[in-house]
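Only heavy atoms go into these numbers, but all of them, side chains included; no hydrogens, no water, no symmetry mates. Per chain, numbering begins at 1; letters A, B, ... match sequence-line order.
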Amino acid sequence: MKARRLKSFRTGGGWPWRVPGMGRMNWILEGAAIPSRNNLILNSRRVNKAVLFILYPALGLLAGWASIAAGWGGKPRAEAEVSHGRREARRSTPPWEAEDFFKAARKKTGERMGGGATAITDLTATWTDAEIRTALEAAMQDPDAMVRFNGLAGLLFREYLRRDLDAALEWMLGQPPLHQKRFGTMLGQAWPESRAMEGLDFLRRHPELSGDTYTPMSMLSKAMGAVSAQGPEAVVALLEKLQAEGWNLNFGFTTNYAPGFDFAGLLGSEDFKKLGVMKNAMIYTWSRSDRDAAFAWVLGNDKPESLGVMARGGYGVPGDTMRWFVGKMEGLTPEQRAEVLDTGIQMYSQGVDAKAWMDAAGTPAVREEIRTAAARGVFVGHRAQVAKAVEAIEGLPEVEARLRLLETMEPPPQIRSYPRPLAPEGENLLRGKLEQWGVEKTRTEAILNRFKQTQP
Amino acid sequence: MMKSLPHPVLALALLTGGLLLGRALSSRGADISAAGKPSAQSSPARPDRQVKPSRATGPAEDRHDLESLLARYRESTTRTTLGREMERLGSAELKALALEQRALMDAQNTPEDKTARGEVAQAALKELYRREGVAALEWAAGLEEGPGRKNALGGLLEAAIQREPGAAEPWLDRYFTQYGKEGGANNQLLSAGMKAAAARGVDEILRVHGMFSETDLINPLFDAEYPADFDFAKLHSALAAETDLSEAVAQWIARDKDAAWAAVKEDVEKRGAPAAEYFGAAVYGVVMKEGEEAGAKWAAERLAELPEDRRADCLTRLDQENKLSAAGIGALVSHLPPAERKGVAEALIRNPQNQAKAFIALESLPRGEMLGVLEAGFRPYPRGPALPAGNHSREEVARKRYEELRTRFSLTEEEMARVQAKGNP
């Protein structure tokens, strides 16, 4: 942390603040320091002596206590991350600034999401591996610790893995099969990427541990990231081997690849295409490091719907990514955009924030296309999708325009193949809205009938 | 008139001595560690409206053992470093930090960065709510319309629903009226509220649950922690049919086997198949506590207590989550009556990725039955979209797996032909 000047204790609303009664205290101290018979309050001779020997120290004690509470002075102390009975140091160090908070939080998210350090790494910094193991074995006696997803048993095992992979694995294989399975689900995330190929080998030797979906995904992902430094051919060769061994390769994304990895080379390679898997995963991974290049490649080499991979995920998509994507869509043809919105992004579905997309649109034409795509949610029939569709439709100021949309819009391609009738809650919602808009009855029923039919 | 006035120097000495002693004692105050005992109450849920920060009672001692680690871990999750540092900021600074960090989330390139920004923002809002309560919500409501306002309200609501559901309720309604219930906030608040309520007891959980509608979260109590005296019976009675209480059932049965089983049994008898998942959860809880052999025996005995039509449902769902080991399956079928072993095998054979368990179950069957199960359910590889022309990997995998099967069960050519005829193309 950078050194900063101490903030005055007078400013701010938190610590430190003025101690109530200090003024009064000051007065008493001042009064007592002036030895004059006229200033003395107490006037009983004997009581006076005893009480004063008590009173003065007591006043001093209170003043001293209060002065620390108010933050005056004291030795400057280093920030203590994990204080083991040491003093509360923070009162003497400058308050954090925004980036300090971010760095602290980032350390934690890196631990949790990166699979390296765990939530207890700092707490067990001074422990030996043997102590970790002992605590782990004790934790295994507690069903709560084992059943709960983030129970301490799992954290201790992951900590053990982090410290000594080989010892932890050996220990694990000595446990009852049930516990091996339980801990086996944690291997993929905790396994160091530098030893990813060993991890695959380990899973090959212990297939009973890889039946769970978690382990293969992260382990495979790491292995692919590890070989990516050798280029697309190496990645393809690994995938071919894994496919021939029967591993399930139908998953959606992978870890970061080596800088400068030739994604275009990979996606364009005939051997990769022949695998028939992981195209979307690769597009998505590429877009995380160079989204413009990924977009351009897909537009030039694949169907428009594949573009949607880069911005799918609705409410989970970063706003920045979404706004970039909407901007790119301006450069597509209306037909391409329709395919992107319907099949790629699935704007009709509940999970996409249509309003945000519309707000991000630069031109009215694109905005209306997004609105129409969202409005198609009525064809999905469930209340949530209908509600979202109606919200988009209501954005049109003129009721007549809303009705025109409802009366003319066609279902998205997927729904055409598998039509879904309007569910009762969806119908009630839509009917209520139409009534609210003052639509007369026959027209309302005609509109509802469009969506109630099971056949288009 | 005074005869024995204290000498000024003596007076000063007494005062100074007291002063120094007072400072020393005050500094050491933080060291007096009321060691965080592993307590059942893990989340500080009492409304705390004081302006001054919650003073640390001092961290629990690190004795390098599980008990002290548990105490220190709980401490670290309930009072994080982030939270402690937030306590030092003024309210205006907290507000600025929350808004700024949340706005920065969008521009982050990695999930770790994005989540970190969000966590800082949420920690700021949480401290703001702790300090100001409803006044914080009023501040957020007064912000200019836009994502900043929505996020601030949502974040404060999360803090509020965790601390004081009652105070949060009117604000929840206002939020949903304005922003609708789609978008994940509904689910997130439900889950945050229910999980925080667990420490305060089942009535609180139910109260929070009752405040929400149109959520579609199957398991809002995911990874919840329940205090030692928690009333699982009431939780089960109220929510077993509405949410997934598998984890709670597993934890309950480890604490009170008979009471938990009685509730699960009644539920299964009443609701049939939808309740059958809890049979598996119960078995898992016993297995976790007593091991697979004892758990399998217990499972078989309990199954025998159920009416026949319920038994089949329970058997097929018993290991739905694929948590038991092959040895555990072996123990299970060894304790089951022969007629019921088939159900276990049929359920397991459907998962091509873990055939070891299916094979163990198959071995317990008479040959004719075994072949029937294989014919009906054996798949050499998982279903998936068709592979491009020229890619024969699936056929290769199938060939290898059929070969393994043939060897394992000494299948004749005729038997193999029957199995392959019905397996995946």
Less than 4.5 Å apart, side chain to side chain, heavy atoms only: is that true for A:Thr126 and B:His64?
yes
By a 4.5 Å heavy-atom criterion (distance strictly below it), what part of B:Ala123 contacts chain A: side chain, backbone, both, or neither?
neither
Between B:Leu94, B:Ile253, B:Leu82, B:Thr80, who has the most heavy-atom pairs with chain A when the cutoff is under 4.5 Å?
B:Leu82
pair B:Gln101-A:Phe101: side-chain heavy atoms closer than 4.5 Å
no
Between A:Glu99 and B:Arg117, does a salt bridge (charged side-chain N to carboxylate O under 4.0 Å, His left out) hold up when you go through it step by step?
CA-CA 10 Å; A:Glu99 280 309 294; B:Arg117 295 280 181 201; 3.3 Å; yes
Across all chains, not counting sequence neighbours, the side chain to side chain donor-acceptor pair (under 3.5 Å) partners of A:Glu137 are A:Trp171
Kindly indicate whether the side chain of B:Asp65, heavy atoms from C-beta on, has any atom under 4.5 Å from the side chain of A:Thr134.
no
Suppose we screen for side chain to side chain donor-acceptor pair (under 3.5 Å). Which residues come up paired with B:Glu293, at least two apart in sequence or across chains?
B:His335
Could you tell me which portion of B:Ala326 (side chain, backbone, both or neither) has an atom closer than 4.5 angstrom to a non-hydrogen atom of chain A?
neither
Tell me, side chain or backbone of A:Ile132 under 4.5 Å from chain B's heavy atoms, or both, or neither?
neither
Separation between CG of A:Leu155 and CG of B:Leu69, rounded to the nearest 0.5 Å
8.5 Å
At a heavy-atom distance under 4.5 Å, which candidate from B:Glu396, B:Glu100, B:Lys289, B:Glu292 has the highest pair count against chain A?
B:Glu292
Evaluation steps, side-chain contact (heavy atoms from CB on, under 4.5 Å), between B:Thr115 and A:Arg106
CA-CA 8 Å; B:Thr115 308; A:Arg106 180 63 180 79; over 6 Å; no
Flag the pair B:Leu104 / A:Phe102 as yes when at least one side-chain heavy-atom distance between them is below 4.5 Å, and no otherwise.
no
For A:Trp96 and B:Leu89, run side-chain contact (heavy atoms from CB on, under 4.5 Å): C-alpha distance rounded to whole Å, both residues' side-chain angles, the deciding distance at 0.1 Å, then the answer.
CA-CA 8 Å; A:Trp96 284 10; B:Leu89 300 183; 5.7 Å; no
Non-hydrogen atoms of chain B under 4.5 Å away: do they reach the side chain of A:Leu136, the backbone, both or neither?
neither
Which heavy atom of A:Gly276 sits nearest a heavy atom of B:Pro388, and at what distance?
CA-CD, 3.5 Å
Go through A:Asp144 and B:Arg255 one step at a time and tell me if the salt bridge (charged side-chain N to carboxylate O under 4.0 Å, His left out) criterion holds.
CA-CA 9 Å; A:Asp144 272 15; B:Arg255 299 181 194 193; 2.8 Å; yes
Gap separating the CG atom of A:Leu239 from the OG atom of B:Ser393, nearest 0.5 angstrom:
11.0 Å
Heavy-atom distances under 4.5 Å only: say whether B:Pro147 touches chain A with side chain, backbone, both or neither.
neither
Do you know which of B:Ala356, B:Ala92, B:Ala224 has the most heavy-atom pairs under 4.5 Å to chain A?
B:Ala224
Region of A:Ala387 that comes under 4.5 Å of a non-hydrogen atom in chain B
side chain
Straight-line distance of B:Glu85 CD to A:Glu97 CD, nearest 0.5 Å:
12.0 Å
Nearest 0.5 Å please: distance from the CD atom of A:Glu131 over to the CG atom of B:Leu66.
12.5 Å
Can you confirm whether B:Gln188 is buried at CD, in the sense that more than 12 heavy atoms of other residues, nucleotides or ligands lie under 6.0 Å from that atom?
no
For the interface with chain B, which of A:Asp320, A:Thr321, A:Asp142 has the highest count of heavy-atom pairs at distances below 4.5 Å?
A:Asp320
Backbone N/O of B:Lys323 and side chain of A:Arg182: donor-acceptor pair under 3.5 Å
no
Measure B:Leu387 against the heavy atoms of chain A and call it side chain, backbone, both or neither at under 4.5 Å.
side chain
Counting C-beta onward and ignoring hydrogens, is there a side-chain heavy-atom pair between A:Thr93 and B:Arg88 closer than 4.5 Å?
yes
Could you look at B:Leu97 and say if it's the side chain, the backbone, both or neither that has a heavy atom under 4.5 Å from chain A?
side chain
Heavy-atom pairs under 4.5 Å with chain A are the metric here; pick the option from B:Ala386, B:Gly291, B:Ser325 that has the most.
B:Ser325
Does a side-chain heavy-atom distance below 4.5 Å link A:Arg383 with B:Glu214?
yes
Residue part contacting chain B, namely of A:Glu425, when any heavy atom lies under 4.5 Å
neither
B:Met288 side chain near A:Leu178 side chain, heavy-atom distance below 4.5 Å
yes
Could you tell me whether B:Glu225 and A:Arg148 have a side-chain N and a carboxylate O separated by less than 4.0 Å?
yes
Go through the side-chain N and O atoms of B:Asn391 and A:Gln243 and say whether any donor and acceptor fall under 3.5 Å apart.
yes
Calculate, to the nearest 0.5 Å, the distance between atoms NZ and OG1 belonging to A:Lys107 and B:Thr81 respectively.
8.5 Å
Could you check whether B:Lys357 pairs with A:Glu208 (Lys NZ or Arg NE/NH1/NH2 to Asp/Glu carboxylate O, under 4.0 Å)?
no
Once rounded to the nearest 0.5 Å, what's the spacing between atom OG1 of A:Thr124 and atom OH of B:Tyr73?
12.0 Å
Would you say B:Lys400's side chain and A:Ala244's backbone share a donor-acceptor pair under 3.5 angstrom?
yes
Do B:Glu112 and A:Thr109 have side-chain atoms, one donor and one acceptor, less than 3.5 Å apart?
no
Just wondering, are more than 12 heavy atoms of other shown residues or ligands nearer than 6.0 Å to NZ in A:Lys355?
no
